[in-house]
Engineer: 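Here it is, the structure in full.
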Amino acid sequence: MTIQLAKPALEHLPSYVDALRRGWSPDNVRLEITTRQHLAAIDADPVAFVESLDDPEAKGAPITLPDGTIVPRLPGYSRFIWDGEVAGSIGLRWQEGTSALPSHVLGHIGYAVVPWKRGRGYATQALALMLGEARARGLDYVEITAQPDNIVSQKVITANGGVLVERFWQDPAYGRVEGLRFRVDL
Ligand SMILES: CC(C)(COP(=O)(O)OP(=O)(O)OC[C@H]1O[C@@H](n2cnc3c(N)ncnc32)[C@H](O)[C@@H]1OP(=O)(O)O)[C@@H](O)C(=O)NCCC(=O)NCCS
């Protein structure tokens with residue numbers, strides 16, 4: 001089965017809401033906090049919600065890191081990993097004028113697949129498609145970070161040409177945890 005990266009639209013929301021109600025989170029850091037926030041936001045204003053997922057000019061609200069620090073939002077957007085239903089999501093973010101990221105940003109690309117559709121190659125395909133979009137946007141490389149014990153995500157990255165750059169301590173805003181930083185030259 002092949003997947004597409006779908007720009008979020010109202011027609012996708014019933015499937016997205018279903019995945020959230022089944023307990024899936026599109027956010028690997030804030031987990032169920034984001035699940036609850038997205039369900040509430042869709043309930044309040046579905047049009048504003050789909051628009052908020054596509055923000056290449058960073059018009060949205062600032063970002064609250066896990067320790068409560070508030071930082072400016074980077075330009076970026078999310079796409080649904082779509083196989084006829086929402087199978088997951090993948091996001092790209094960047095800084096204007098440089099391929100580098102601030103130290104508090106854990107990578108240019110993040111992704112999550114719903115548990116009931118894992119192991120089908122969806123994340124590997126989605127990352128390949130998103131790397132094409134990053135290249136088209138003029139980035140020279142992207143960084144992707146993974147937890148040292150997240151072997152499946154590391155396979156997704158290396159299958160797409162990612163090379164391990166370093167083991168590092170994540171920004172203190174995330175707690176004192178180690179991460180692996182991969183780089184994909186574009
Ligand atoms: C990481 C994640 C996105 C992978 O999604 P996926 O669609 O299942 O990944 P793929 O099917 O493309 O599989 C990638 C690789 O992992 C392997 N794999 C998949 N499930 C596995 C499992 N349970 N155990 C071991 N290997 C597994 C696949 O065989 C594939 O390896 P290969 O290229 O050598 O064949 C998904 O597990 C997920 O959403 N996890 C929670 C969120 C997360 O960790 N996101 C990444 C943060 S950096």
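Counting convention: from 1, in listed order, for ligands and their atoms alike.
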Engineer: Just which atoms of ligand 1 are under 4.0 Å from any heavy atom in Val156?
Structural biologist: 9 (O), 14 (C)

Engineer: Please say which of Val47, Asp45, Leu53 ends up in a side-chain contact (heavy atoms from CB on, under 4.5 Å) with Phe49.
Structural biologist: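 Of all the options given, the one that passes is Leu53.
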
Engineer: Return the option from Thr124, Asn160, Ile109 holding the heavy atom at the smallest distance from atom 12 (O) of ligand 1.
Structural biologist: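 Selected option, by shortest heavy-atom distance: Thr124.
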
Engineer: Less than 4.5 Å apart, side chain to side chain, heavy atoms only: is that true for Pro8 and Arg79?
Structural biologist: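 Counting from C-beta outward, Pro8 and Arg79 do come under 4.5 Å.
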
Engineer: Is a donor on one side and an acceptor on the other found under 3.5 Å between the side chain of Asn160 and the backbone of Thr124?
Structural biologist: yes

Engineer: Taking both backbone and side-chain atoms of Asn150, is any N or O found less than 3.5 Å from an N or O belonging to ligand 1?
Structural biologist: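 Indeed, backbone or side chain, Asn150 has an N or O that close.
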
Engineer: Examine Val113 against ligand 1 and note whether any of their N/O atoms are separated by less than 3.5 Å.
Structural biologist: yes

Engineer: Where is the nearest protein heavy atom to atom 45 (N) of ligand 1: which residue, which atom, and how far?
Structural biologist: Tyr111 O, 2.8 Å

Engineer: Have a look at ligand 1 and work out which part of Lys155, if any, has a heavy atom under 4.0 Å from it: side chain, backbone, both or neither.
Structural biologist: side chain

Engineer: I want to know if ligand 1 touches Lys117 in the polar sense, i.e. an N/O pair below 3.5 angstrom.
Structural biologist: no

Engineer: Using modelled atom types and a 3.5 Å cut-off, is there a donor and acceptor pairing between side-chain atoms of Arg73 and backbone atoms of Ala61?
Structural biologist: yes

Engineer: Please determine whether the number of non-hydrogen atoms from other residues, nucleotides or ligands lying under 6.0 Å from atom CD of Gln95 exceeds 12.
Structural biologist: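 Counting neighbours around CD of Gln95, more than 12 heavy atoms of other residues, nucleotides or ligands fall under 6.0 Å, so yes.
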
Engineer: Could you tell me whether the side chain of Ile109 reaches within less than 4.5 Å of the side chain of Val184, counting heavy atoms only?
Structural biologist: no

Engineer: Give the residue and atom name of whichever protein heavy atom lies nearest to atom 16 (O) of ligand 1, and the separation in Å to one decimal.
Structural biologist: Val152 CG1, 3.4 Å

Engineer: Identify, for atom 42 (C) of ligand 1, the protein heavy atom at the shortest distance, and state residue, atom and that distance.
Structural biologist: Asn28 OD1, 2.9 Å

Engineer: Please report whether atom 37 (O) of ligand 1 has a protein non-hydrogen atom at a separation of less than 4.0 Å.
Structural biologist: yes

Engineer: Look at atom 40 (N) of ligand 1 and find which of Gln125, Arg120, Arg118, Gln154 reaches it with the closest heavy atom.
Structural biologist: Arg118

Engineer: Non-hydrogen atoms of Thr145 versus ligand 1: any pair closer than 4.0 Å?
Structural biologist: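 For ligand 1, residue contact (heavy atoms, under 4.0 Å) with Thr145 is present.
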
Engineer: For atom 11 (O) of ligand 1, what's the nearest protein heavy atom and its distance?
Structural biologist: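 Residue, atom and distance for the closest contact: Gly121 N, 2.6 Å.
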
Engineer: Please report whether atom 28 (C) of ligand 1 has a protein non-hydrogen atom at a separation of less than 4.0 Å.
Structural biologist: no

Engineer: Can you confirm, on distance only, whether ligand 1 has an N/O atom lying under 3.5 Å from any N/O atom belonging to Gly119?
Structural biologist: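 By distance alone, the answer is yes.
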
Engineer: Asn28 side chain to Tyr111 main-chain N or O, any donor-acceptor pair under 3.5 Å?
Structural biologist: yes

Engineer: What residues form a side chain to side chain donor-acceptor pair (under 3.5 Å) with Ser103, not counting sequence neighbours?
Structural biologist: Asp171

Engineer: Taking the side chain as C-beta and beyond, is there a heavy-atom pair between Asp83 and Glu85 under 4.5 Å?
Structural biologist: yes

Engineer: What part of Gln147, side chain from CB on, backbone N/CA/C/O, both or neither, has a heavy atom under 4.0 Å from ligand 1?
Structural biologist: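 Neither; no heavy atom under 4.0 Å.
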
Engineer: Nearest non-hydrogen contact with atom 6 (P) of ligand 1 belongs to which option: Ala123, Ala146, Ala128?
Structural biologist: Ala123

Engineer: Determine yes or no for a side-chain-to-main-chain donor-acceptor pair under 3.5 angstrom, with Gln154 supplying the side chain and Pro148 the backbone.
Structural biologist: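 Between the backbone of Pro148 and the side chain of Gln154 there is a qualifying donor-acceptor contact (under 3.5 Å).
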
Engineer: Please classify the Ile151 to ligand 1 contact at 4.0 Å (heavy-atom distances, strictly less than): side chain, backbone, both or neither.
Structural biologist: neither

